[in-house]
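Both counts, for ligands and for their atoms, begin at 1 and track the order of listing.
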Amino acid sequence: MNRKQFLKTCGVALVGLPFASAILTSCQSIYYASFKTIKNKIVVPLSEFEIVKKTSTTYRDFVMVNTALQDFPICLYRTEGSNYIASLMKCTHRGCELNVGGGMYSCPCHGSEFDTKGKVLEGPADQDLKTFKTTIDDENIYIELF
Ligand code: FES
């Protein structure tokens, strides 16, 4: 490889590095929580947010709840002060399933964006996401479906 080829190869690698970093950053793994259903409530153990390692415990920002009671998954987002917001992952524009990452929901179909409370950030969607009331006790989060 001569000097010119070497510089060209390095240049391509350096140009691609920020893109690879952005892709890896946006690829947070989706964790599907275990849960049970009691009447009209989905019960998610608080421990589903924990990531337990040998020496420490960290917490997931969100977990996904995939119940047959809804056509789309529900994203259960943990906000400051340990409040939980449950949003249906269905875009209010034309019904595509949303992606979650980077502290927001985004629609792969036409680009709508929503914050973690389900509020529209960017159209074409003009309605907020469907959200469900949540309550919490010492062990569980309860998502009220009806
Ligand atoms: S279906 Fe989501 S933006 Fe159109």
Side-chain angles (χ1 to χ4, degrees), residues 7-146:
L7 290 174
K8 195 174 180 180
T9 303
C10 288
V12 169
L14 287 174
V15 168
L17 196 58
F19 296 110
S21 174
I23 290 169
L24 290 174
T25 301
S26 66
C27 290
Q28 294 180 359
S29 62
I30 303 294
Y31 178 78
Y32 285 88
S34 63
F35 64 92
K36 56 187 172 185
T37 306
I38 300 175
K39 294 183 181 174
N40 66 336
K41 291 181 183 172
I42 294 173
V43 184
V44 180
L46 283 166
S47 59
E48 287 297 288
F49 280 83
E50 295 176 354
I51 303 171
V52 180
K53 296 181 180 168
K54 278 185 181 174
T55 57
S56 66
T57 299
T58 57
Y59 296 90
R60 294 179 173 88
D61 291 335
F62 62 88
V63 300
M64 206 63 77
V65 178
N66 207 359
T67 170
L69 298 173
Q70 297 290 321
D71 292 338
F72 289 80
I74 294 171
C75 185
L76 187 55
Y77 221 100
R78 187 170 143 265
T79 63
E80 290 175 19
S82 292
N83 293 315
Y84 294 87
I85 299 169
S87 300
L88 190 66
M89 297 295 288
K90 180 180 181 182
C91 183
T92 55
H93 179 230
R94 292 195 184 158
C96 289
E97 185 167 330
L98 299 170
N99 296 321
V100 58
M104 59 181 251
Y105 302 113
S106 58
C107 181
C109 293
H110 310 105
S112 289
E113 294 177 347
F114 305 85
D115 69 14
T116 55
K117 294 177 181 169
K119 305 284 183 207
V120 176
L121 294 173
E122 185 74 42
D126 59 3
Q127 292 184 332
D128 296 338
L129 298 181
K130 178 176 183 176
T131 57
F132 303 91
K133 182 179 178 190
T134 59
T135 53
I136 183 172
D137 64 17
D138 290 343
E139 295 181 5
N140 299 303
I141 304 149
Y142 303 87
I143 304 171
E144 295 184 24
L145 295 180
F146 313 109

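Set against the non-hydrogen atoms of Cys107, the atoms of ligand 1 under 4.0 Å away are 1 (S), 2 (Fe), 3 (S).
Atom 3 (S) of ligand 1 has its closest protein heavy atom at Ser112 OG, 3.2 Å. The nearest heavy-atom contact from the protein to atom 1 (S) of ligand 1 is Arg94 N, 3.3 Å.
Here Cys109 fails the criterion, with no N, O or S atom under 2.8 Å of atom 2 (Fe) of ligand 1. Atom 2 (Fe) of ligand 1 lies at 2.8 Å or more from every N, O or S atom belonging to His110.
Side-chain contact between Pro73 and Glu97 is present, with at least one heavy-atom pair separated by less than 4.5 Å. Side-chain atoms of Glu144 and Phe132, non-hydrogen and from C-beta on, never get closer than 4.5 Å to each other. Using a 4.5 Å heavy-atom threshold, the side chains of Tyr142 and Val43 count as touching.
Of all N, O or S atoms in His93, the one lying closest to atom 4 (Fe) of ligand 1 is ND1.
Using a distance-only test at 3.5 Å, with no hydrogens or angles considered, a donor-acceptor pair links the side chain of Arg60 to the main chain of Glu50. Here the side chain of Asp115 pairs no donor or acceptor atom with the backbone of Met104 at under 3.5 angstrom.
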